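Owing to the predicted nature of the structure, the values given are computational and were not obtained by experimental measurement.
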Amino acid sequence: MKNILLPTDFSDNSWNAIKYAISLYKEEKCVFYILNTYTPTIAHSRFMAISDHEKMSKDIVRANSEKGLMNLVWKIKSKYKNEHHSFVTISSFNLLVDEVKNIIETKEIDLVVAGTKGASQIEEVFMGSNIVRMIKSIKNCPVLAIPSNFKFKRPSEIAFATDFNRFYTESELRPLIEMARSFQATIRIVHVQYEIKALTEVQQFNLGMLRKYLGTLPHYVHTVSELNSVSKTLEVFANELDIHLLAMLHYPHSYMEKMTREPIVNRLAFHTQIPLLVIPELGMNASCYSVKKETSENPSRTLKK
């Protein structure tokens, strides 16, 4: 059973992301945690008592949040009748990213699915800026960003953008591998180069390990020349090969991040026409996290040294 977190502000963008997630996992047992956070403006210092008016304002906002979540679940169940899916609503007086991080830990969330603004709404970046903060802040759970106008397509073609300069662990690649297996997808490993040249020994080794992890999954390596920017190059690549989902690993101080931080994380979050799966860096901690999660589900299991 998968635990999926769906943050919502009751906008069309978040509703589109919810529809995508439900369609994506229509054949799998899932618990969908639907989250709405609210932070009403209460002008007081920690030395001042909260007035009755301010308390009433907070109560009203909380009631609206809870009512909105209740109506949203009713809307989902009336549109999507799926016995494999169950829904839990969470209304929280907290900042969105802080609450998302808390729920990931306490509910063992496997994936966060959230909506982004479309290119025509670039000036209205509230939801988009939240997505960027999630991508930069969440260290132990992948985030799937769904463009506002994207209509669900089964992800039979998945692009994985990498420069092969970093050794990926199998645990870090697990979200990509599981998704490809679930949907019998072809993985297109895309390497963007400013100037086409042979891979270094390190890059060749990392590519070899990547292929080893992918195993029998159908996958191909594409080396493409950069067109103005990496984000533009990936956009053209996705259009030409009819890519349904773009995946990237996000980690600090990498060549890929330095070259593409703003174009990829920001521009793609706001402009892309396909979903973007951002996988956080786990490194050696990934195996510890996996073992901890597995043993918590099966305490009687003993580990061999």
Side-chain angles (χ1 to χ4, degrees), residues 16-17 20 23-24 113 115-122 128 131 135 142-166 168 173 175-199 203-204 206-208 210-211 213-250 254-279:
N16 192 56
Y20 183 97
S23 298
L24 185 68
V113 183
T116 67
K117 295 288 186 181
S120 62
Q121 300 166 299
I122 186 63
I131 282 285
I135 290 171
V143 176
L144 180 57
I146 310 299
S148 59
N149 298 317
F150 186 82
K151 294 183 179 180
F152 177 78
K153 294 180 182 177
R154 184 181 178 88
S156 58
E157 292 281 343
I158 300 175
F160 178 61
T162 177
D163 58 9
F164 306 122
N165 283 332
R166 182 185 181 280
Y168 297 157
L173 296 172
L176 172 67
I177 292 171
E178 287 183 352
M179 194 165 288
R181 283 177 178 162
S182 295
F183 303 106
Q184 300 178 332
T186 297
I187 296 178
R188 304 283 180 177
I189 304 168
V190 54
H191 177 207
V192 178
Q193 287 190 325
Y194 179 75
E195 180 182 352
I196 301 298
K197 56 185 177 181
L199 298 180
Q203 288 176 314
Q204 290 176 353
N206 291 336
L207 171 58
L210 176 58
R211 280 182 150 163
Y213 294 147
L214 297 179
T216 58
L217 288 171
H219 59 274
Y220 301 90
V221 178
H222 302 263
T223 301
V224 295
S225 298
E226 183 180 333
L227 303 172
N228 299 323
S229 68
V230 173
S231 57
K232 181 62 178 178
T233 307
L234 293 176
E235 179 185 343
V236 172
F237 178 83
N239 288 334
E240 289 184 354
L241 275 75
D242 195 23
I243 299 298
H244 306 141
L245 187 147
L246 173 63
M248 296 186 67
L249 193 75
H250 183 256
S254 68
Y255 170 73
M256 190 64 142
E257 185 191 56
K258 290 178 182 178
M259 182 177 66
T260 66
R261 175 180 294 175
E262 291 306 314
I264 293 296
V265 175
N266 292 337
R267 197 176 300 174
L268 276 182
F270 296 136
H271 291 280
T272 187
Q273 297 304 305
I274 60 173
L276 172 65
L277 176 66
V278 182
I279 305 170

Evaluation steps, side chain to side chain contact (heavy atoms under 4.5 Å, CB included), between Ile196 and Gln193: CA-CA 6 Å; Ile196 301 298; Gln193 287 190 325; 3.6 Å; yes

4.5 Å side-chain heavy-atom contact, Pro275 and Leu24: no

Using side-chain heavy atoms (C-beta onward) and a distance below 4.5 Å, is Leu277 in contact with Leu245? yes

Listed partners of Val278 passing side-chain contact (heavy atoms from CB on, under 4.5 Å), at least two apart: Ile135, His250, Leu276

Side-chain contact test, heavy atoms from C-beta onward, threshold under 4.5 Å: evaluate it for Val236 versus Leu234 and give yes or no. no

Which atom of Pro218 lies closest to which atom of Ala185, heavy atoms considered: CG-O, 3.7 Å

With sequence neighbours left out, the residues meeting side-chain contact (heavy atoms from CB on, under 4.5 Å) with Val224 are Val190, Val192, Thr233, Phe237

Test: salt bridge (charged side-chain N to carboxylate O under 4.0 Å, His left out). Region: residues 149-161. Which pairs qualify, not counting sequence neighbours? Glu157-Arg188

Are any of the side-chain heavy atoms of Ile274 and Ile243 separated by less than 4.5 Å? yes

State, yes or no, whether a side-chain contact exists between Tyr220 and Ile189 at a heavy-atom distance under 4.5 Å. no

Please enumerate all residues that pass side-chain contact (heavy atoms from CB on, under 4.5 Å) together with Gln203, with sequence neighbours excluded. Phe164, Asn165, His191, Leu199, Thr200

Minimum heavy-atom distance Asn16-Ser148, with the two atoms named: ND2-O, 3.1 Å

How are the rings of Phe150 and Tyr20 set to each other: parallel, tilted or perpendicular (split at 30° and 60°)? tilted

I'd like to check Ile158 versus Thr186 (side-chain heavy atoms, cut-off strictly below 4.5 Å). Are they in contact? no

Heavy-atom closest contact (Thr116 atom, Pro147 atom, distance): OG1-CA, 3.3 Å

Below 4.5 Å, heavy atoms only, C-beta onward: do Leu241 and His222 meet side chain to side chain? yes

Those residues at least two apart in sequence (or on a different chain) that pass ring-ring contact (aromatic ring centres under 6.0 Å, His included) with Tyr168 are Phe160

Separation of Leu214 CG from Arg181 CZ (nearest 0.5 Å): 9.0 Å

Any idea which heavy atoms bring Arg166 and Asp163 closest together, and the distance? N-OD1, 4.4 Å

Can Leu176 and Ile279 be said to form a side chain to side chain contact (heavy atoms under 4.5 Å, CB included), step by step? CA-CA 8 Å; Leu176 172 67; Ile279 305 170; 4.2 Å; yes

With a 6.0 Å cut-off (strictly less than), is the heavy-atom count around CD of Gln184, excluding the residue itself, greater than 12? no

Nearest heavy-atom pair of Gly215 and His219: which atoms, and what distance? O-CE1, 3.7 Å

For Ser156, the side-chain contact (heavy atoms from CB on, under 4.5 Å) test, sequence neighbours excluded, returns His244

